[in-house]
Protein chains: 2
Amino acid sequence: MAAIGFCAHDHTACVADLMAHARAHCEKEGLKFTPVRQRTLEILLREHRALGAYDLLAQLADEGLGSQPPVAYRALDFLVKAGLAHKIEALNAYIACAHSGTDHSPAFLICRGCKAVAEADTAMTSGRLGDAARAAGFQIEHTVVEARGLCPSCQEPAR
Amino acid sequence: MAAIGFCAHDHTACVADLMAHARAHCEKEGLKFTPVRQRTLEILLREHRALGAYDLLAQLADEGLGSQPPVAYRALDFLVKAGLAHKIEALNAYIACAHSGTDHSPAFLICRGCKAVAEADTAMTSGRLGDAARAAGFQIEHTVVEARGLCPSCQEPAR
DNA sequence: AGCAGGCATGTTATAACATATCAATTCCTT
DNA sequence: AAGGAATTGATATGTTATAACATGCCTGCT
Ligand SMILES: [Zn+2]
Ligand SMILES: [Zn+2]
Ligand SMILES: [Zn+2]
Ligand SMILES: [Zn+2]
């Protein structure tokens, strides 16, 4: 339930650690962690915020790794399917997963001030959404749980 | 917590009732419920599913109520701000509110079989998302809670 | 009546996000 | 070596959303 993203941390180590996890995960699952895919994940990891596909594409293009939309979308699809990244539906943007590779149902806290996004973990079938689904006989396959608001730092100026 | 949308009901009465609520709500709040806005809500109410802005626009255009994107988006913005409709972020589509005008934090169950969407009500600060936000000191302003899956009817064929 | 301000609408253009399709290559298996 | 699956390259297109500016339409004031 910890929501990292709003607090300072050793980011270099954080990135290295998650990249190592990703490499190991792909190895284990027999997935091809190609240069474009690695670079895409690195770019997402550098920020603790969501990037649009075209923002990402611009960075890839700067490095000569492709310049057309499908390049970015293919890499993002791969990462999302592998559980290494998530799409933030409310922003039409993408973010690296903070809980490397494991199958989970994330919930996001999105700050409208500084654009930071924190990933918290929830159980899909618990909570209000699960209750409503059970009551309706609805079989959940995927959940989108996102909150927009202000992070602790961005609440300061308003006080 | 009841999730209407997956069960049959007197739809003519349902639409008339919600339109009346909407009219009363706009009256009370001093909002202008203009012809385009009324027609937009009626079109959304006719379906218990989400419509894309351009689907909606096509129907408005058929009736001579405007043919350019801003017409649809302005009407939808008005309805959403007035609490008479919601955007389904996971579909980039819009649906009439099933709980007329009152301020609430909806949760949606979206069937991938029949495209029906049911609106359930939740309290924004309760449940897992609220827990995570409190733990992080995050101040929630708006929530997006959506589940994709199969409604009771659409689970049948798979059995 | 004449006018100003606010809001709604009309219209054009463009930004931003996402996918279809097909050819060329790579990489693994038989 | 041959076949097949996955990845990449490249072009075009589809879909969703907003910017920008002009026009009309009420309402309250002089
Ligand atoms: Zn995650
Ligand atoms: Zn912030
Ligand atoms: Zn509602
Ligand atoms: Zn269904």
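Treat the numbers as computed from the prediction; the structure is a model and nothing was measured. Order of the sequence lines sets the chain letters (A, B, ...), proteins ahead of strands, with each chain counted from 1.
In this structure, B:Tyr54 does not count as stacked on the base of D:dT15 under the 5.5 Å centre distance and 30° plane angle limits.
Counting heavy atoms from C-beta outward, A:Tyr73 and A:Phe78 have side chains that stay 4.5 Å or more apart.
We find that CG of A:Leu60 is positioned 13 Å from C1' of D:dT8, with the value rounded to whole Å. At whole-Å resolution of the value, CG in B:Leu51 and P in D:dT15 are 15 Å apart. Atom CZ of B:Arg74 and atom C1' of D:dA20 are 10 Å apart (whole Å).
Within the 4.0 Å cut-off from OP1 or OP2 of C:dT9, at least one side-chain nitrogen or oxygen of B:Thr34 is found. Listed pair A:Lys32 / C:dT26 fails the phosphate criterion, with no side-chain N or O lying under 4.0 Å from OP1 or OP2. Residue B:Asn92 places no side-chain N or O under 4.0 Å from the OP1 or OP2 atom of D:dT15. For B:Lys87 and D:dT16, the shortest distance from a side-chain N or O to OP1 or OP2 is not below 4.0 Å.
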Applying ring pair (Phe, Tyr, Trp, His ring centres under 6.0 Å) to A:Phe33 and A:His25, what does each step give before you reach the verdict?
CA-CA 10 Å; A:Phe33 202 36; A:His25 175 70; 9.4 Å; no
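Comparing B:Asp55 and A:Arg37 by the nucleotide of DNA chain D whose heavy atom lies nearest to each, the residue mapping closer to the 5' end is A:Arg37.
Within the 4.0 angstrom heavy-atom criterion, only backbone atoms of the sugar-phosphate kind lie near A:Tyr94; the bases stay farther away.
A donor N or O paired with an acceptor N or O is not found under 3.5 Å between the base of C:dA20 and the side-chain atoms of A:Tyr73.
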